[in-house]
Amino acid sequence: MRDPGGSPAESVLRVDGLTVRLDGRTILQDITFDVKRGTTLAILGPNGGGKTVLLRTLLGLIPHEGTVTWGNHAKLGYVPQNLFVADVPITVREFLSIKRGIDIQQSLASVGLEPETTSKERLGTLSGGELQRVLIAWAIADRPDVLLFDEPLSNVDIGGEDLILETLNRIEKAFGITVLLVSHDVHNVIAYSDAALALNRVVVYFGPSKNLTDPALLARVYGSGTLLSRHAH
């Protein structure tokens, strides 16, 4: 279960026996998995299954039992699920400039945005997909080794999901960044990730994403009657 692809590639993250208890309740129990450097791991499962808690625990924000071991000098970038910017009166350029010394034009171009136009836009006027790509540009500006995303498609316009995931895929390949993303869209998990970790308080599945086409496995992860996704046709 430790190596979905069966190869000895270097792991950027090792989690062993992770258990999280909050307010007397066990949220995650005995979670064990590895993440290979330069790959994408999708974390999926039903609501309340512990996905976001796992992500926050990996960031060191929640106390836990067991071990979380990052590779030597791993530099982490994080994009949260919700960022309310409607009332923030700053431009994209001003937002990105908070990180000093970054190349704003290059950062925007790397996520498929037109630098001259986008940099002048106010954050609150961007579409969901545009904002998500600006946040990705922000996250990769100082070249992290690992990017963690909590539901990166949750506020994206209909039809924009593939564009966001293609952006992440391109960044992974161009910069060798490891990506961990929480997702509920099984179709996109299969198409854009190398491995999947399915949680429902415990590990229900850890292995190659391509195996998620198995209806029996999906029933174990989400319950009986689960459809592959709205894209399955």
Side-chain angles (χ1 to χ4, degrees), residues 1-16 18 28 30-55 58 71 79 81 111-112 129 132 136 145-154 156 158-233:
M1 244 171 94
R2 288 178 172 272
D3 189 351
S7 69
E10 177 188 2
S11 292
V12 72
L13 170 66
R14 293 180 180 273
V15 176
D16 192 12
L18 177 73
L28 293 170
D30 196 25
I31 307 299
T32 297
F33 65 95
D34 289 359
V35 182
K36 296 178 186 177
R37 188 176 299 278
T39 63
T40 295
L41 173 73
I43 302 168
L44 63 156
N47 291 335
K51 303 183 296 296
T52 295
V53 169
L54 174 62
L55 214 61
L58 297 180
V79 178
Q81 181 174 352
V111 296
Q132 190 61 257
I136 295 171
D145 304 297
V146 184
L147 280 177
L148 298 94
F149 292 89
D150 191 357
E151 293 280 9
L153 308 180
S154 61
V156 174
I158 294 175
E161 297 96 336
D162 285 346
L163 183 57
I164 297 298
L165 289 166
E166 286 167 5
T167 298
L168 292 177
N169 196 250
R170 185 172 66 251
I171 288 169
E172 176 197 315
K173 289 178 170 56
F175 302 115
I177 293 175
T178 305
V179 176
L180 278 68
L181 64 92
V182 169
S183 178
H184 63 273
D185 189 320
V186 177
H187 168 81
N188 280 325
V189 164
I190 294 170
Y192 291 103
S193 66
D194 303 292
L197 174 69
L199 297 176
N200 194 355
R201 299 184 184 270
V202 298
V203 175
V204 180
Y205 173 77
F206 173 54
S209 300
K210 62 184 179 181
N211 290 344
L212 292 171
T213 55
D214 180 1
L217 175 57
L218 286 176
R220 286 174 50 208
V221 175
Y222 291 103
S224 60
T226 302
L227 296 176
L228 178 59
S229 84
R230 61 185 175 80
H231 298 286
H233 301 297

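This structure is a prediction, so every number in the text was calculated from the model and none was measured.
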Query raised in the report: Which value, rounded to the nearest 0.5 Å, describes the distance between Leu168 atom CG and Ser193 atom OG?
Result: 11.0 Å
Query raised in the report: Does a side-chain heavy-atom distance below 4.5 Å link Leu54 with Val182?
Result: no
Query raised in the report: Under a 4.5 Å cut-off applied to non-hydrogen side-chain atoms, are Thr32 and Val203 in contact?
Result: no
**Report entry** Value rounded to 0.5 Å, distance of CG in Leu13 from CZ in Arg37
**Finding:** 10.5 Å
Query raised in the report: Distance from Arg201 atom CZ to Leu28 atom CG, nearest 0.5 Å?
Result: 8.5 Å
Requested in this report: Scan residues 38-51 for pairs that pass side chain to side chain donor-acceptor pair (under 3.5 Å), counting only residues two or more places apart or in two chains.
Outcome: Thr40-Glu172
Query raised in the report: Looking at Thr178 and Gly38, what are the two nearest heavy atoms and their distance?
Result: OG1-N, 2.8 Å
Query raised in the report: Atom CZ of Phe206 and atom CG of Leu199: how far apart are they, to the nearest 0.5 Å?
Result: 11.0 Å
Query raised in the report: Is there side-chain contact between Leu44 and Tyr222, with heavy atoms separated by less than 4.5 Å?
Result: yes
Report task. Using a 4.5 Å cut-off on heavy atoms from C-beta on, say whether the side chain of Ile171 contacts that of Ile136. Result -> yes
Report summary line: Closest heavy-atom pair, Ile31 versus Val15, reported as atoms and distance to 0.1 Å, is O-CG1, 3.4 Å
Report task. Flag the pair Leu18 / Phe33 as yes when at least one side-chain heavy-atom distance between them is below 4.5 Å, and no otherwise. Result -> no
Report task. Would you check if Tyr205 and Leu217 make a side-chain contact, meaning some heavy-atom pair closer than 4.5 Å? Result -> yes
Query raised in the report: How many angstroms lie between atom CG of Leu147 and atom CG of Leu180, to the nearest 0.5 angstrom?
Result: 9.5 Å
Requested in this report: Give the minimum heavy-atom separation between Ala196 and Leu212, together with the two atoms involved.
Outcome: CB-CD1, 3.7 Å
